[in-house]
**Q** 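What follows is a single structure, and I will ask about it in a moment.
Proteins get letters first, then strands, A, B, ... in listed order; numbering begins at 1 in each. Keep in mind the model is a prediction, meaning the values are calculated, not measured.
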Amino acid sequence: MPTTVTVLVIGRLDVVWDAVFSATHSAELFDVMKSGFLKTGRMFRGCLVKTISFVGYTVQYGCIAHCAFEYIGEFVSCSGPSMEPTITNHDVVFSERVSRNLCRIQKGDIVIAKSPFDPKMNICKRVMGLEGDKVCTSGPSDIFKTHTYVPRGHVWLEGDNLRNSTDSRSYGPIPYALIRGRVCLKMWPPHSFGVLAESPNDGRIL
Amino acid sequence: MKTGRMFRGFFVKTISFVGYTVQYGCIAHCAFEYIGEFVSCSGPSMEPTITNHDVVFSERVSRHLCRIQKGDIVIAKSPFDPKMNICKRVIGLEGDKVCTSGPSDVFKTHTYVPRGHVWLEGDNLRNSTDSRSYGPVPYALIRGRVCLKVMRIQSHFLTYSLPQRPNHKHFEFELLPFYVVFINEFFFLKQAVQMILS
């Protein structure tokens, strides 16, 4: 007799469950607990979905911003005295990338390039000679003028402040591929906003 | 009225299509820029390591973290043509002493690699124009480090890892045969797509 009862009880556990719960008046408690668990699960899933979509949007807009800086232009803050009086210390300039990608850099342009001696640093100088040009390597005070030809695929850079500038006169011509962009506008300080001046050392452009 | 509505609908669709293309193009470009890219190599200068028409995968992470080491095969922009790429092995980093004379020369000459530069040589020494002719190359010209070569076995792809570090004993005293590969940046896309699709 007890085995039959056990079998019956196991077979109809749902009835027993309802009977026990209704007997102990904890049906509402069970419902509240069940809905509580579902709500937390839904909240957690919603939070996870929101986080993933936020990360996704950040990556998306980060990539678009990076491509804009890479192909259109970027703001650069310059430091150092080697381009005075054209660009002074702590000036902010806008350098555009279109000329560099289309290989339209010309003599007399001010360019931002990666430093050949430190891949993390950038230098800002004026292009004095393109490939094949003859450039003067001696100073203005030297008696004997020496010249050199710029090799293929290279450019000759010089700062406007010839006395206080380490440029191609010390480290030689740099490969064109190191150029990042052409400086076209000065943004800060506001009183000198606008297009940059021509080279004050015009005599050196041969 | 109906034509106007159709035209506006078409216009909106075109704008959204262009917007999506720009979005995914930018994401793909950033993936190639910061993770890695497939490159199709041409030329005999890196034989037998990399032969003509091989497709390799070059990763960008080492270059951005400045972790390029001696013995790595790198893809770099050519110092003589900003649109061309070259694929060579790094023989010396900044400050290293490298042998500039050939193996058949009687008098061995050496030079030191300047700061911020690397000395590149191809695996096929007899048929390679590299730092022995144009001098050390600035580190900033390096684009990526070649880590895998993609080989095709019938219809499946098999990845094969390149020998990264040849016998160190030979570095200081002998030059191992390295090869030069000239890679055309726009050519690789066509080749890689053709290979993957065929």
**Q** Nearest 0.5 Å, please: how far is CD in Glu33(B) from CD in Glu70(A)?
**A** 5.0 Å

**Q** Please give me the minimum heavy-atom distance between Cys30(B) and His66(A), naming the atom from each residue.
**A** SG-ND1, 3.5 Å

**Q** Find the distance between CZ (Arg115(B)) and CG (Asp118(A)) and round it off to the nearest 0.5 Å.
**A** 6.5 Å

**Q** Using non-hydrogen atoms and a 4.5 Å limit, figure out which bit of Arg180(A) sits close to chain B: side chain, backbone, both or neither.
**A** neither

**Q** Quick check for you: to the nearest 0.5 Å, what is the distance between Tyr176(A) atom OH and Leu141(B) atom CG?
**A** 13.5 Å

**Q** Could you tell me if the side chain of Pro138(B) sits less than 4.5 Å from the side chain of Pro119(A), heavy atoms only?
**A** no

**Q** To the nearest 0.5 Å, what is the distance between CD (Gln60(A)) and OH (Tyr24(B))?
**A** 6.0 Å

**Q** May I ask you to name which of Val137(B), Ile27(B), Ile142(B), Val22(B) has the most heavy-atom pairs under 4.5 Å with chain A?
**A** Ile27(B)

**Q** Determine, step by step, whether Glu131(A) and Phe80(B) satisfy the side-chain contact (heavy atoms from CB on, under 4.5 Å) criterion, reporting the C-alpha distance in whole Å, the side-chain angles of both residues, the deciding distance to 0.1 Å, and the verdict.
**A** CA-CA 10 Å; Glu131(A) 60 184 18; Phe80(B) 290 114; over 6 Å; no

**Q** Give the minimum heavy-atom separation between Ala140(B) and Lys114(A), together with the two atoms involved.
**A** CB-CD, 3.7 Å

**Q** Is the number of heavy atoms from other residues, nucleotides or ligands within 6.0 Å of NZ (Lys145(A)) greater than 12?
**A** yes

**Q** Using every non-hydrogen atom in the two residues, find where Lys120(A) and Cys66(B) come nearest and quote the distance to one decimal.
**A** NZ-SG, 3.6 Å

**Q** Evaluate whether atom NE2 of His90(A) has more than 12 neighbouring non-hydrogen atoms of other residues, nucleotides or ligands under 6.0 angstrom away.
**A** no

**Q** Measuring heavy-atom distances to chain A, does Tyr34(B) have an atom under 4.5 Å in its side chain, in its backbone, in both, or in neither?
**A** side chain

